[in-house]
Number of protein chains: 2
Amino acid sequence: MTHPDDLSLSERTSDALTAAHLYYMQDLTMEAIARELHTSRSSVSRLLSQARTSGLVDIQIRSPLDATSRVEKLILDRFKVTAHVVPVPDHASDVDRLERVALSVARILGEFFDSNMIMGIAWGSTMNAVSRHVTPKRTHNAQIVQLNGAGNTRSTGLDYANEILQRFSNAFGARLEQFPVPTFFDDPSTRTAYWRERGLRRLLEMQGNMDVALFSVGSPFSNVPSHVYVGGYLDDDELTALSDAEVVGDVATVFYRVDGSTDGIPLNDRGTGPELSVLRRTPRRICVVSGKSKVDSLRGALAANLITDLFIDESTARELCE
Amino acid sequence: MTHPDDLSLSERTSDALTAAHLYYMQDLTMEAIARELHTSRSSVSRLLSQARTSGLVDIQIRSPLDATSRVEKLILDRFKVTAHVVPVPDHASDVDRLERVALSVARILGEFFDSNMIMGIAWGSTMNAVSRHVTPKRTHNAQIVQLNGAGNTRSTGLDYANEILQRFSNAFGARLEQFPVPTFFDDPSTRTAYWRERGLRRLLEMQGNMDVALFSVGSPFSNVPSHVYVGGYLDDDELTALSDAEVVGDVATVFYRVDGSTDGIPLNDRGTGPELSVLRRTPRRICVVSGKSKVDSLRGALAANLITDLFIDESTARELCE
DNA sequence: AAGCAGTTTGAACATATGTGCAAGGAGTCA
DNA sequence: TGACTCCTTGCACATATGTTCAAACTGCTT
């Protein structure tokens, strides 16, 4: 396998940089750039495309503050949360919705995460979608930490969750702290014991010092239940127990009711997600939500004050405001 | 005349915003966007183009620090100045060079100027070129101040200089403080007297508090002399005097020698540009240079420590480093 | 209501950009 | 060296985007 990281990549990158300059700063046509770079137009097209996906070119959209959408204002008023409403047509499918919101988040995430920061990330279909599109950004001494375990009765879950976290870690060049435990322990005391292990202490401490948390909300009892609820993590008895406790959703497999309360939900004693108080101590808490089936769960998360920045598709946002 | 600033513009702007989202964040095709916005593809093309030129969409290029060009490093070492080398092919004409450097500067200027700042701006062909392309950016309580008078023996010069400054002022929504005096007084004592006027004091004070200064360098005795030297601002005797004093150039019509010294240059006593010490007190001093004919003048400006950030075309940069 | 000046619009055309593919190149291994 | 694999390149084609122009529209004025 060819692995010319040392020079050839630099060479290519610097060409990409020049091309980007000429294209985005000087408005040259690709054909003109090709001439200056002594290559073909197609190659320039490819260079530019690399420049974009590798985060060399950074495209931002800066809303004049007076133009924040009506819904965004409404959400700010009602929930004290900065909303980023992603425009998606009403007739779009849930898959479309998810994909488009995820893409938007992926593109803007670099705005929130920088060198020397710690970001906690959950896992699930939404995070998976986001992870596939993150625009890379070079950071130093940055750290990503997994928010909750991902093993279940059938597998260690390492593959799925890890693949997701790995993508973020690569995109930012950040160290990755995995969390190789089941999503739920069978016995609460096992968790208590395990939490005292030194390796775990380090991880928990990181979680306690997060600068950013990135997660979605799970919705158990909707027509489109989330990954955790159908992936073999919970058995029927457990689901019934959640239902009985009037649980409306979860963040990183920590469950809550619609009013944001968590007391007396037994599963939380066995789960591996971060205490909500830990989450609430995190300065920036980014929640990504798409699809109306998540509205109830979202209400709970808002009531529990888990969110500072909300990315949400347009019609779900409207639904949220009734 | 139709002047639908109040609502229609908002309406259009918000459409442009949505379109920009869909295009740049979600990678939809213009055709798809047209469908979502219930309009034609052409209109979307126009919306996007508006979004770009109005600064709604902000495209930046972020060089990985380890990829700053060799010349930029060299300039930093030799002159302690941050260079931004603009790629321009060697065979490009001087007009091309100027245009391309100007365009690059125009696009990135917003990075340097923000709310509550004061920016001093000179005038001349380079500033003219830059002014034509500045990407707008909304700021509050920002102030632009003209660095030197623009009147000459033939006209008040208000038109030319003012047009330039006006463009910057519009682009940033900044207040504009003009400087309605000749470029050079005939008699130094007139200047001294005038400088005591209250209106002038205010302007000079602003200059003293600038956060950013934006200027080029003039080059009198090259094959491509700058605006000041051919526009009727100076008569033959004066040019001879400059030549005798070994002047290599000027910044905002303040003249200096190649070693950066200014003592004993009589014209400086009658000119209206800012004292170089005032300039040197300005935290950010952006100089835009294109074309080899300006190299000597640039050397003088560097020797005088007038520059903190230098925008320069590639071959001139190489020439500078010999 | 009709006329007017200045905009905005979409269809049609003109360009510019993206991509599949076959050919060539560069590294690796036997 | 030659066979092999994996990348990169430029051509040709397929799409996507930009721009011109005539028609429709808008807000005013007569």
Side-chain angles (χ1 to χ4, degrees), chain A residues 1-59 61 67 87 89 99-100 103 107 132-133 135, chain B residues 1-59 61 87 89 96 99-100 103 107 132-133 135:
Chain A
M1 199 183 299
T2 329
H3 196 48
D5 247 0
D6 327 279
L7 185 99
S8 182
L9 184 110
S10 269
E11 171 82 12
R12 204 186 157 78
T13 303
S14 111
D15 271 2
L17 210 52
T18 311
H21 251 287
L22 296 173
Y23 192 75
Y24 290 108
M25 298 285 121
Q26 297 186 25
D27 291 344
L28 294 210
T29 160
M30 293 188 181
E31 184 121 16
I33 299 174
R35 278 195 298 271
E36 298 202 6
L37 259 50
H38 307 292
T39 179
S40 73
R41 197 183 50 69
S42 349
S43 297
V44 174
S45 171
R46 285 185 272 251
L47 277 179
L48 286 172
S49 143
Q50 184 200 317
R52 278 182 309 249
T53 62
S54 70
L56 251 150
V57 171
D58 183 20
I59 301 186
I61 294 182
E99 201 58 30
R100 292 175 59 165
L103 198 47
R107 291 283 166 84
R132 283 180 204 286
H133 302 289
T135 302
Chain B
M1 199 184 298
T2 327
H3 196 49
D5 248 1
D6 327 276
L7 186 99
S8 182
L9 184 112
S10 269
E11 169 83 9
R12 205 187 157 79
T13 303
S14 111
D15 272 2
L17 212 51
T18 311
H21 252 287
L22 296 173
Y23 192 75
Y24 290 108
M25 298 287 120
Q26 296 186 24
D27 292 342
L28 293 211
T29 161
M30 292 189 181
E31 184 121 14
I33 299 174
R35 278 195 297 273
E36 297 203 6
L37 259 49
H38 307 294
T39 180
S40 73
R41 198 183 50 69
S42 344
S43 297
V44 174
S45 170
R46 284 185 275 248
L47 277 178
L48 286 171
S49 139
Q50 182 199 318
R52 277 181 311 249
T53 62
S54 70
L56 231 68
V57 172
D58 184 18
I59 302 186
I61 295 181
D96 252 26
E99 201 59 29
R100 292 174 60 165
L103 198 48
R107 292 284 167 84
R132 284 181 203 285
H133 303 288
T135 302

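From a predicted model like this one, the values you see are computed outputs, not experimental measurements. In what follows, chains carry the letters A, B, and so on, assigned in the order in which the sequence lines appear, proteins first and then strands, with residues in each chain numbered from 1.
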Least distance between heavy atoms, A/M25 atom then B/L103 atom: O-CG, 3.4 Å

Nearest-Å distance for atom pair CG/C1', residues B/L37 and C/dG10: 15 Å

Nearest-Å distance for atom pair CZ/P, residues A/R46 and D/dG10: 8 Å

Could you list the residues that satisfy side-chain hydrogen bond (donor to acceptor under 3.5 Å, both in side chains) with A/R107, not counting sequence neighbours? B/D27

Would A/E36 and A/L28 count as a side chain to side chain contact (heavy atoms under 4.5 Å, CB included) if you check the C-alpha gap in whole Å, the side-chain angles of each, and the deciding distance to 0.1 Å? CA-CA 10 Å; A/E36 298 202 6; A/L28 294 210; 3.6 Å; yes

Using a 4.0 Å heavy-atom cut-off across all strands, classify A/S43 as base, sugar-phosphate, or nothing. sugar-phosphate

A/L47 CG to D/dG10 P, in whole Å, measures 10 Å

In whole angstrom, give the distance that lies between atom CZ of B/R35 and atom P of D/dA16. 10 Å

When you get a sec, tell me which of D/dA12, C/dT9, D/dT17 is the closest nucleotide to the side chain of B/R41? D/dT17

Which atom names give the shortest non-hydrogen contact between A/A19 and A/L37, and what distance separates them? CB-CD2, 4.3 Å

Just to confirm, is there a sub-4.0 Å distance from OP1 or OP2 of D/dG18 to any side-chain nitrogen or oxygen of B/R52? yes

B/S54 versus B/A51, closest heavy-atom pair with distance: OG-O, 3.6 Å

Tell me what A/T39 touches on the nucleic acid: a base, only sugar-phosphate, or nothing, going by heavy atoms under 4.0 Å. sugar-phosphate

The side chain of B/S45 lies closest to which of these nucleotides: D/dG18, C/dA11, C/dG20? D/dG18

Shortest non-hydrogen contact from B/R52 toward B/T135: O-CG2, 4.2 Å

With no angle test and no hydrogens, is the base of D/dC11 tied to the side chain of A/S40 by a donor-acceptor pair under 3.5 Å? no

Exercise: identify the closest heavy-atom pair between A/P87 and B/L22: O-CD2, 3.5 Å

Between P of D/dC7 and CD of A/Q50, the distance in whole Å: 14 Å

Near DNA chain C, counting only heavy atoms under 4.0 Å, which residues of residues 22-32 of chain A show up? A/Y23, A/T29, A/M30

